[in-house]
Amino acid sequence: GAWVGRWEGLRGKVVYAADLDHFAASFHSDGFRVRSADSSFAVRDLGWTADMARDESGLLVGDMKSWVGSFRLSSREEGATGLEVDRWTMTQSNGVEAGSFGTELGVRVQAIRLGERAFGPGEVEFQLRNLDARSLARLQNQSVGGLATPGDRDVARAAVEEGAENPLFELVSRSPQLEIRTLRLATPSGTLDAKLRIDL
């Protein structure tokens, strides 16, 4: 019943400015595998990269990417269904333009096999636009402030009681847009293809 495994190591680097307002990082591993008497899983070719800088609004903007070459999960138990995923990638790009924050997220997969059923290729592209950047930065700072000392929270509460504007209302003042630009997945029954857009 014991588990045994092998970790193929991790390589990477991080470069950052002294004030932490800019950093670039990259990490890669050949993968790992773990197995027991009746099950096993393995992941190959893992990676993550980022190049981020702090905008004048106080938000970190830039590009990130992560990927997994393959994932395998299997079991010898009766009725168990194996899972295989090939070439999964995720990209994200954040930016601020004319005071508006936007983010684009993309996920792609070459193939997914669940037992005898095969799916893929598939992709989804998600975009969020027109959030007020300074209000978003204030909300992030308030979230971090929740971990501050009680005295700091008292100061923040006093500011609200004195009539400080609620950043939630300012956040949506630029009429945000949420859009799924692409949602496509090949399935055994045909191709799923959809789009969605919501304007506030």
Side-chain angles (χ1 to χ4, degrees), residues 10 12-16 20-29 31 43-73 83-114 118-144 146 167-187 190-200:
L10 179 69
K13 69 176 182 178
V14 179
V15 180
Y16 58 91
L20 300 182
D21 280 348
H22 176 260
F23 76 91
S26 62
F27 295 96
H28 180 262
S29 173
V43 182
R44 303 293 301 173
D45 185 24
L46 304 166
W48 179 79
T49 63
D51 189 353
M52 308 289 289
R54 194 171 302 281
D55 181 78
E56 62 180 13
S57 64
L59 296 171
L60 279 174
V61 297
D63 303 311
M64 291 185 289
K65 179 180 180 180
S66 59
W67 67 90
V68 175
S70 67
F71 174 85
R72 301 284 186 272
L73 175 63
L83 172 64
E84 300 181 5
V85 179
D86 288 324
R87 292 173 59 188
W88 176 91
T89 62
M90 183 173 72
T91 58
Q92 183 174 2
S93 179
N94 302 329
V96 175
E97 183 175 353
S100 293
F101 173 83
T103 183
E104 296 183 10
L105 178 68
V107 179
R108 290 173 174 78
V109 63
Q110 181 62 33
I112 301 173
R113 285 176 289 278
L114 189 60
F119 302 84
E123 63 176 324
V124 58
E125 294 182 358
F126 168 92
Q127 189 173 62
L128 178 61
R129 301 182 289 270
N130 297 343
L131 290 176
D132 185 74
R134 293 192 182 278
S135 300
L136 182 59
R138 286 174 57 196
L139 284 170
Q140 287 186 354
N141 291 336
Q142 288 180 7
S143 298
V144 174
L168 283 174
F169 294 110
E170 297 176 18
L171 184 65
V172 297
S173 63
R174 296 172 181 264
S175 300
Q177 297 174 342
L178 171 65
E179 183 176 7
I180 298 177
R181 301 173 64 183
T182 302
L183 174 58
R184 184 178 297 115
L185 178 65
T187 77
T191 299
L192 170 67
D193 198 342
K195 295 184 179 183
L196 172 69
R197 174 169 162 170
I198 298 173
D199 293 85
L200 298 180

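Every value quoted in this text rests on a predicted model; they were computed, and no experiment measured them.
Using a cut-off of 4.0 Å between Lys/Arg side-chain N and Asp/Glu carboxylate O, Asp86 and Arg72 are scored as salt-bridged. Ionic pairing of Asp63 and Lys65 is not present here: no N-O contact between side-chain nitrogen and carboxylate oxygen is shorter than 4.0 angstrom. Ion pairing between Glu125 and Arg108 holds under the 4.0 Å rule for side-chain N and carboxylate O. Salt-bridge check for Asp45 with Arg87: failed, with every basic side-chain N at 4.0 Å or more from each acidic carboxylate O.
Nearest heavy atom pair, residue Met64 against residue Trp48, reads SD-CZ2, 4.2 Å. Contact detail for Leu46 and Gly31: the closest heavy-atom pair is CD1-CA, 4.5 Å. Of all heavy-atom pairs between Leu59 and Ala133, the closest is CD1-O, 3.6 Å. Closest of all the heavy-atom pairs between Ala25 and Val14 is CB-CG2, 3.9 Å. Gln92 and Leu105 make their closest contact through CB-CD1, 4.0 Å (heavy atoms, listed as atom of the first residue, atom of the second, distance). Among all heavy-atom pairs drawn from Leu20 and Arg54, the shortest one is O-NH2, 4.1 Å.
Separating the OG atom in Ser29 from the CZ atom in Arg44 is a distance of 8.0 Å, to the nearest 0.5 Å. One finds the CH2 atom of Trp88 at 11.0 Å from the CD1 atom of Ile112 (value rounded to the nearest 0.5 Å). Interatomic distance, Leu131 CG to Leu171 CG, rounded to the nearest 0.5 Å: 5.0 Å. Interatomic distance, OG of Ser70 versus CD of Gln110, reported as 12.5 Å (0.5 Å rounding). With rounding to the nearest 0.5 Å, the separation of CG in Leu196 from OG1 in Thr182 is 12.0 Å. With values rounded to the nearest 0.5 angstrom, Glu104 atom CD is found 6.0 Å from Ser93 atom OG.
Contact check for Val107 versus Thr89: no side-chain heavy atoms found under the 4.5 Å cut-off. For the pair Val85/Val109, a side-chain contact is recorded, criterion being any heavy-atom separation below 4.5 Å from C-beta on.
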Task: Working for side chain to side chain contact (heavy atoms under 4.5 Å, CB included), residues Asp132 and Phe101 - done: CA-CA 6 Å; Asp132 185 74; Phe101 173 83; over 6 Å; no
Task: Full working for salt bridge (Lys or Arg N to Asp or Glu O under 4.0 Å) between Arg197 and Asp199 - done: CA-CA 7 Å; Arg197 174 169 162 170; Asp199 293 85; 3.0 Å; yes
Task: Residues Leu183, Phe126; criterion side chain to side chain contact (heavy atoms under 4.5 Å, CB included); working and verdict - done: CA-CA 9 Å; Leu183 174 58; Phe126 168 92; over 6 Å; no
TODO: Output, in order, the C-alpha distance, side-chain angles, deciding distance and verdict of side chain to side chain contact (heavy atoms under 4.5 Å, CB included) for Ser175 and Leu200.
DONE: CA-CA 5 Å; Ser175 300; Leu200 298 180; 5.9 Å; no
TODO: Just do the side chain to side chain contact (heavy atoms under 4.5 Å, CB included) check on Asp51 and Thr49 with the steps written out, would you?
DONE: CA-CA 7 Å; Asp51 189 353; Thr49 63; over 6 Å; no
Task: salt bridge (Lys or Arg N to Asp or Glu O under 4.0 Å) between Arg138 and Glu170, worked out - done: CA-CA 10 Å; Arg138 286 174 57 196; Glu170 297 176 18; 3.2 Å; yes
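With 3.5 Å as the limit, one finds a donor-acceptor pair spanning the side chains of Asn94 and Thr103. Counting only N and O atoms by type, the side chains of Arg134 and Ser57 include no donor and acceptor under 3.5 Å apart.
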